[in-house]
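By convention in this document, chain letters (A, B, ...) are assigned in the order of the sequence lines, proteins followed by strands, and residues within each chain are numbered from 1.
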Number of protein chains: 2
Amino acid sequence: MPTSGSGVNKPGAAPGPEKTKGRLTIADIAREVGVSPSAVSFALNGRPGVSEATRTRILQAAERMNWHPHSAARALGGAPAGAVGLVLARPTRTLGAEPFYAQLIYGMQSVLSARSVALLLQVVDDTEAELAVYRRWAGEQRVDGLLIVDPQTRDPRIAVVEALGVPAIVLGGHGRHGDLPTVWADDREAMLETVRYLAALGHTRIAHVAGTPTFQHTQRRIRALKDAATQLGLAETQSLPTDFSDGEGAAVTRRLLSQPDAPTAIVYDSDLMAVAGLGVATEMGVPVPGELSIVSFDDSVLTRVMHPAITALSRDTHALGVQVAEALLRIVENPGSVGDIKAATPRLTVRESTAKPRR
Amino acid sequence: MPTSGSGVNKPGAAPGPEKTKGRLTIADIAREVGVSPSAVSFALNGRPGVSEATRTRILQAAERMNWHPHSAARALGGAPAGAVGLVLARPTRTLGAEPFYAQLIYGMQSVLSARSVALLLQVVDDTEAELAVYRRWAGEQRVDGLLIVDPQTRDPRIAVVEALGVPAIVLGGHGRHGDLPTVWADDREAMLETVRYLAALGHTRIAHVAGTPTFQHTQRRIRALKDAATQLGLAETQSLPTDFSDGEGAAVTRRLLSQPDAPTAIVYDSDLMAVAGLGVATEMGVPVPGELSIVSFDDSVLTRVMHPAITALSRDTHALGVQVAEALLRIVENPGSVGDIKAATPRLTVRESTAKPRR
DNA sequence: CCCAGCTGCTTTAGCGCTTAAGTGGCTTAT
DNA sequence: ATAAGCCACTTAAGCGCTAAAGCAGCTGGG
């Protein structure tokens, strides 16, 4: 039981002039100022019912005594919990390496901390565990809103979260996700732009090292590549699924480069896999961009720091986090007020890893 | 106000057999089973005072009705908040790229989520803001414990957190940090081992691209390098401070390699800076490890994925997170029960970026 | 046969806060 | 002149839960 205000806290110290209790409450302020606790409550919450003079005195006393509202007491009265929740269910190894979530979280923070909303973070192993966390948080009334990431086809989480009645935003969905609004980027357009660029350079054998195939955004990219191939008349394109890990990214690259008609360009669904792929190319003596062009579908320091620096579809993940957090807070305050939001389409940032194929 | 259990929630619906209230409470369970709310509370908390038969019926009812305790109501009664807090005050750009904190957090999660303890995460700009967050969390009774990272010399946070009376663990401290216990790694020994190895290879001009100089662990490393130099008779060693960003890492490397007597080996305080440094070497045509050996003081996918792969001091950051979380939970339950804990000393993992200096 | 001492409950109070419902004292409308 | 209204408060109740205290009904010792 973490009590004690500042240290002078002898339990039995009899006749102290001030009630040396553990916590500082509005009752203490009320006593100090000489009004009732409700008057203090009114003053602190900017509600009418107290004169300006009294309000000022109360506010000053609260400030001086360094009082903070007890979040539990407020929440008990039906006030919001002052927190939003995020559950991540990707394998830990990958998560630690991928800057995406970290950036996203830091972006969210810039909005959340300004509004003094806490972020509850939980990392779990699978969707089952994720659902359990949602159920618990909802039951315990711990969060006012949820951010659901990596939507999948027929995602079981949607129905559960809707049934729980907790406001939520889906990141990266598009298509059906119940009545939950989504913040999404146009992966399709980004992929089309990339393939058009590679085709313009003269590439015809383009491979796509994709992420987890059940993710909606992965599927959109795969479909976009296929469509682009049809449009541009590229015969030999292929999408290969992975689990987003650098290990699989490397393995798939090795397989691709060992083929008789190896691709001359590879698009990776994450920066980490692109880096791993570049490593494999170097290791196999395939010059980049001489014989192989590489594009990453995610940008970060990783891509910039490599040699050659990797051409990437960059988006401002931090800004995305800001957008998501804002949408989340809006839907918490006013459910139904948020529709689907289209984030900025990733733009192709050309660096040193792409060039005309040597022929 | 996020209420409503599942949807059937008409406020005025008069004579329903079940009280269609928003939240499911122990009173509902009590009514269902036919006992008083306290009996339910006793049963759910495994306390004596109810017969086994009744206890079973209550537990089953709670399970069947999918009841969860309202965390705020519990907390109000003085129960722990069921959450621990972590504030990060490094610049966002760096944080997103560095795998360290992400790994640490995921490690902590594996302990915390097993015990259903939530992690409150906040990213702030500076120490002042960090202190404000601690004060607020303590006042709002939001957290049961805190993890303080990146301890500095005469760290103001220590005194504040101790005064607030919130149990806390310091990560990476050593020396004085009030009465707060620390989980620390022996950076000194790690640095000594590294320098000995480089010296054994034949390096004499060894540079150290350090992190933020006010951090205690940075200082320990700087001092260790100096001591090693004295012991081994290396004249030309130097430690150069940075802010841990890849930008500064690159800039400092550029400066070092432009000197007339450029170092033949550089130790970087983070993997991200090591990668940036390797990039600069490549860009300047300095072969690694031919003319320059590179060691990273932190290991991750980054170092493994590069070509050449970077020799690094590796420690299991995930395991460190586990250790930290365990210590934190222990000190929350029983303040004073935790002393300083020494984590595993990082071991040198030799890869391709280190070799004898060409002479 | 009475009462202490159980067991297995229920009643009551209280955690810190919000909020609906009072309550005096004064002003204003009629 | 008196009712009505308003201001600036106070009182009281309640959020969901825990915990101390109370209280029936039974058992067994003296």
### Task
Quick one: list whatever passes side-chain contact (heavy atoms from CB on, under 4.5 Å) with A:Q60, sequence neighbours left out.
A:T56
### Message
Determine whether a donor-acceptor pair (N or O, by modelled atom type, separation under 3.5 Å) exists between the side chain of B:E162 and the backbone of B:D179.
### Response
yes
### Message
Using five base pairs at each end to define the local axes, how bent is the helix from C:dC1-D:dG30 to C:dT30-D:dA1, to the nearest 10°?
### Response
70°
### Task
Return the value, rounded to whole Å, for the distance between atom CD of B:Q141 and atom P of C:dC15.
14 Å
#### Entry: Contacts of A:S110 that satisfy side-chain hydrogen bond (donor to acceptor under 3.5 Å, both in side chains) - sequence neighbours left out
none
### Message
Please check: side-chain N/O of A:N45 versus main-chain N/O of A:S41, any donor-acceptor pairing under 3.5 Å?
### Response
yes
### Task
List in numerical order all residues of residues 58-65 of chain B for which some heavy atom is under 4.0 Å away from an atom belonging to DNA chain C.
none
### Message
Closest approach to the side chain of A:T54, judged atom by atom: which nucleotide of D:dC9, C:dG16, C:dC9 is it?
### Response
D:dC9
### Set of residues satisfying salt bridge (charged side-chain N to carboxylate O under 4.0 Å, His left out) with respect to A:E52, sequence neighbours excluded
A:R55
## Note on the structure
B:R142 meets the side-chain hydrogen bond (donor to acceptor under 3.5 Å, both in side chains) criterion, sequence neighbours left out, with B:E140
### Query
For B:L320 and B:L171, what are the C-alpha separation, side-chain angles and deciding distance, and is it a side-chain contact (heavy atoms from CB on, under 4.5 Å)?
CA-CA 10 Å; B:L320 184 67; B:L171 176 60; 4.2 Å; yes
#### Entry: Nucleotide nearest B:L76 when distance is taken to its side chain, options C:dC17, D:dT18, C:dC15
C:dC15
### Gap between atoms NE2 and P, on A:H70 and D:dG16 respectively (whole Å)
17 Å
### Query
When the distance from CD1 of B:I26 to P of C:dC9 is rounded to whole Å, what number comes out?
15 Å
### Query
Is there a donor-acceptor contact under 3.5 Å from the side chain of A:N334 to the main chain of A:S337?
no
### Task
Take atom CZ of B:R74 and atom C1' of C:dG14, then tell me their distance rounded to the nearest Å.
17 Å
### Query
Between C:dC17 atom P and A:R31 atom CZ, what is the distance in whole Å?
12 Å
### Query
With B:D155, which residues qualify under side-chain hydrogen bond (donor to acceptor under 3.5 Å, both in side chains), at least two apart?
B:R157
### Message
Please enumerate all residues that pass ring pair (Phe, Tyr, Trp, His ring centres under 6.0 Å) together with A:W184, with sequence neighbours excluded.
### Response
A:H174
### Task
Take atom CD of A:E52 and atom P of D:dA8, then tell me their distance rounded to the nearest Å.
9 Å
### Message
Distance check needed: D:dC15 C1' versus B:R23 CZ, whole Å only.
### Response
10 Å
#### Entry: B:D340 side-chain N/O to B:T182 backbone N/O, donor-acceptor pair under 3.5 Å
yes
### Summary
Between CD1 of B:I29 and P of C:dC9 the distance, given in whole Å, is 16 Å
### Task
Check DNA chain C against residues 35-47 of chain B and give the residues with a non-hydrogen atom under 4.0 Å, in numerical order.
B:V35, B:S36, B:S38, B:A39, B:F42
N/O donor to acceptor pairs below 3.5 angstrom from side-chain atoms of residues 112-119 of chain A, sequence neighbours left out:
from	atom 1	to	atom 2	distance (Å)
A:S113	OG	A:Q109	O	2.5
A:R115	NH2	A:E333	OE2	3.0

### Task
Could you tell me whether the side chain of A:V143 reaches within less than 4.5 Å of the side chain of A:V84, counting heavy atoms only?
no
Hey, what are the protein-to-nucleotides 22-28 of chain C N/O distances that come in under 3.5 Å?
none

### Query
With sugar-phosphate meaning primed atoms plus P, OP1 and OP2, does A:P48 contact a base, only sugar-phosphate, or nothing at under 4.0 Å between heavy atoms?
nothing
### Where at least one partner belongs to residues 62-83 of chain B, residue pairs that pass salt bridge (Lys or Arg N to Asp or Glu O under 4.0 Å), sequence neighbours excluded
B:E32-B:R64
